[in-house]
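Letters go in sequence order (proteins before strands), and every chain restarts at 1. From a predicted model like this one, the values you see are computed outputs, not experimental measurements.
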Amino acid sequence: MSIRVRFAPSPTGVLHIGSVRTALFNWLFARHNSGKFLLRIEDTDKLRSTDENTKLIFEILKWLEIDWDEEPVIQSSRIERHKEIAEGLVKQGKAYYCYCSPEELESKKEEAKKKGIPYKYDGTCQNRTDIPEGINPVIRLKADIAGATTIHDLVQGEVTVKNSQLDDMILLRSDGTPTYMLSVVVDDHDMGITHVIRGDDHLTNTFRQIQIYKACGWDIPTFGHIPLIYGPDGSKLSKRHGAVSANDYKELGYLPEAIFNYLLRLGWSHGDDEIISKENAINWFDFDNVGKSPSRFDMAKLQNLNAYYMRQKENSSLFDVLKYYINTQLTKQQEAYILKGLNSLKERAKTLVELADASNIYINAPTSFDESCSKYSTPKHIDALKQVINIIEEMNVLIEEELCSRVKELARSLDMKLVDIAQAIRGALSGKLVSPSVFEVMSIIGKTESTLRIKRYISYYDD
RNA sequence: GUCUCCUUCGUCUAGGGGUCUAGGACACCGCCCUUUCACGGCGGCAACACGGGUUCAAAUCCCGUAGGAGACGCCA
């Protein structure tokens, strides 16, 4: 039988980066085994679900090139089916109507808590004969509390839970809508899911869900529960750690390739391999090498990977994604400048946001000079800069190597170090003391613009 | 509280009884390259949670302890 897996996010919030990893592992497993990767939007909580979140789920998956098969299933459209199953179970005597009010149950929970015993629904309504008027009942499953249930989890291995831990869970709410437990099981069954791969926060739910499978007489799929991703301090990943939603990482300037590779290596490994292409990921992926322990999100490693993929990326396609992060409309000339300078720019940036910022040297002349520039603004430096202007003017076109050697010559004749003149030029060109090679920059922006920037620097300091 | 899961350098991990004086990557530190910053190259720091077993031999198997996480909803 061919493998069918699904990714089933709920659009009640932003798409968590940990969920993206779950999607990735599902996708890899499907592609590795030539199976199907399906999507299901779990939007039964209509109050908290938004179309915006749903849209973002599709966008992020596309961005990462995690493609899905078949039409996505919208869970809310299947409520009638869920209801039908729940009512069918009542008819078969495997489930029953429960008229206990939320208040009654609440007080029973309180009581159990006081006594220090775990709360379980006591089954009051299982044999109820007096049907109260005017109360909308819920449907509860009759739990089979005998024996134990064991699963062979793809990640966690053999896990056994005593059935006495379980109680009669609610399948259908009093308003007639299905609970999560019911809808996942019914949908997974109807979609023909063979392997349920999800976060390990669902591990204990699995045993409840198996009860539903059994009551319905359906085949139980194979489960795989992957550990969650935590923040750098081991607590739940939250906003204060930087970013939680996958979309945030895009905005922060990360390449999808970097996110893909980072997420893949977080919790899964293939020997000492660190840089893994999509093709190899598909070829190599398996659950034997998924770790059981939770992992922490390390922004520094992501940045390193991102820097690597930016350097690897061919300039024109890197420029295409870079445009998204540059806020101004570029002229044809500015585009050409950036493209020429990209080789040097890209090895100095860790994110696309940084790269966009560094590209500014080819877009705008500095409007101010960093405090640190003043160190290179003594009369000696100013004099040298004036002579640099002379050199520029003597040249027909600014050729990087020639310009460099002529300025070196100048430094010798003035008995200065090259670094002193170069830093003064850098300040003039960028307003900062950090940039790609000044000779490269000047050769790209040309004689006029170079001269202009240097002159401005001179008049700023020389008065 | 009950149940379930987890525990190798700061972080991600390799390791599945002897080849482990525990390997790689990121981060950090130093050196080299160098017009700055980076890139790159070389080197360094740094871990088997603890306690018992089993065994000739344990990071690796078993049992405890401690710590961490998750579940226990008419949320998903």
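- The side chain of A:Ile170 lies closest to B:C74, out of B:U4, B:U36, B:C74.
- Using modelled atom types and a 3.5 Å distance limit, the side chains of A:His202 and A:Tyr180 yield a donor-acceptor pair.
- Dashed line: the shortest gap from a side-chain N or O of A:Ser344 to OP1 or OP2 of B:C39 is not under 4.0 Å.
- Spacing of P atoms, B:A46 relative to B:G24, comes out at 14 Å, to the nearest Å.
- Across all strands shown, B:G17 forms no Watson-Crick or G-U wobble pair with both distances under 3.5 Å.
- Checked against the 6.0 Å centroid threshold, A:Tyr121 and A:Tyr119 do not count as a close aromatic pair.
- A gap of 12 Å separates the P atoms of B:C63 and B:C6, to the nearest Å.
- Nucleotides B:A69 and B:C62 place their C1' atoms 24 Å apart, quoted to the nearest Å.
- For A:Ser295 against B:C12, no side-chain N or O and base N or O form a donor-acceptor pair under 3.5 Å.
- On the P atoms, B:C37 is 13 Å away from B:G30, given to the nearest whole Å.
- An OP1 or OP2 oxygen of B:C12 is reached within less than 4.0 angstrom by no side-chain nitrogen or oxygen of A:Ser269.
- In this structure, A:Lys346 atom NZ and B:C37 atom P are separated by 22 Å, rounded to whole Å.
- Taking a pair to require two hydrogen-bonding distances under 3.5 Å in either a Watson-Crick or a G-U wobble arrangement, B:G70 pairs with B:C3.
- Here the side chain of A:Ser10 is nearest to one of B:A38, B:C3, B:A76, namely B:A76.
- Not a single donor-acceptor pair, N or O on each side, falls under 3.5 Å between the base of B:U13 and the side chain of A:Arg265.
- Between the side chains of A:Asp286 and A:Asn289, at least one donor-acceptor pair of N or O atoms lies under 3.5 Å.
- Spacing between B:C12 and B:A27 at atom P, rounded to whole Å, works out to 15 Å.
- If you take atom P in B:A22 and the same atom in B:U65, they sit 32 Å apart, rounded to whole Å.
- When both distances must be under 3.5 Å, the Watson-Crick or G-U wobble mate of B:C26 is B:G10.
- Salt bridge present: A:Arg40 and A:Asp188 bring a charged side-chain N and a carboxylate O closer than 4.0 Å.
- Nucleic acid contact class of A:Pro227 (heavy atoms, under 4.0 Å, all strands): none.
- When distances run from any side-chain atom of A:Val159 to the nucleotides B:G10, B:C72, B:C5, the shortest one goes to B:C5.
- Rounded to whole Å, the C1' atom of B:G17 lies 10 Å from the corresponding atom of B:A59.
- If you measure from atom CD of A:Glu274 to atom P of B:G23, you get 15 Å, rounded to the nearest angstrom.
- A donor N or O paired with an acceptor N or O is found under 3.5 Å between the base of B:A25 and the side-chain atoms of A:Lys301.
- Whole-Å rounding puts the A:Leu182 CG to B:A76 P distance at 11 Å.
- An anti base is found at B:C61: its glycosidic angle is more than 90° from 0.
- For the pair A:Arg198 CZ and B:A71 P, the interatomic distance rounds to 13 Å; values are reported in whole Å.
- Taking 4.0 angstrom as the limit, A:Arg311 places a side-chain polar atom (N or O) nearer than this to OP1 or OP2 of B:G40.
- Straight-line distance from the NE2 atom of A:His225 to the P atom of B:C3: 20 Å, rounded to whole Å.
- Counting distance only, with no hydrogens placed and no angle test, the side-chain atoms of A:Ser293 and the base atoms of B:U7 include no donor-acceptor pair under 3.5 Å.
- The interatomic distance linking A:Asn163 (CG) with B:U4 (P) rounds to 12 Å, in whole Å.
- Among the heavy atoms of the strands lying under 4.0 Å from A:Leu433 is at least one base atom, whether or not backbone atoms are also near.
- Across all strands shown, A:Pro294 has heavy atoms under 4.0 Å from sugar-phosphate atoms exclusively, and none from any base.
- Nucleotide B:C61 forms a pair with B:G53, judged by Watson-Crick or G-U wobble geometry with both contacts under 3.5 Å.
- If you check B:G40 for Watson-Crick or wobble pairing at under 3.5 angstrom, you find it paired to B:C32.
- Counting non-hydrogen atoms under 4.0 angstrom, A:Cys373 reaches nothing in the nucleic acid.
- Closest to the side chain of A:Asp45, from the set B:G70, B:C6, B:A76, is B:A76.
- When the side-chain nitrogen and oxygen atoms of A:Asn304 are compared with OP1 and OP2 of B:A25, none of them lie within a distance under 4.0 Å.
- If you take atom C1' in B:U21 and the same atom in B:C3, they sit 43 Å apart, rounded to whole Å.
- Note: A:Tyr249 and A:Phe297 meet the aromatic proximity criterion, with ring centroids under 6.0 Å apart.
- Judged by atom type and distance alone, A:Asp272 reaches the base of B:G23 through a side-chain donor-acceptor pair under 3.5 Å.
- When atom types are taken as modelled, the side chain of A:Arg265 and the backbone of A:Asp273 share a donor-acceptor pair closer than 3.5 angstrom.
- Ring pair A:Tyr461/A:Phe369 is tilted by interplanar angle, where 30° to 60° counts as tilted.
- The distance between atom CG of A:Leu228 and atom C1' of B:G68, rounded to the nearest whole Å, is 13 Å.
- Taking both residues in full, the closest heavy atoms of A:Val196 and A:Ile193 are given as CG2-CG2, 3.9 Å, listed atom of the first, atom of the second, then distance.
- Atom CD1 in A:Ile226 sits roughly 14 Å away from atom C1' in B:G70 (whole-Å rounding).
- Side-chain proximity of A:Lys109 to B:G73, B:U4, B:A38: nearest is B:G73.
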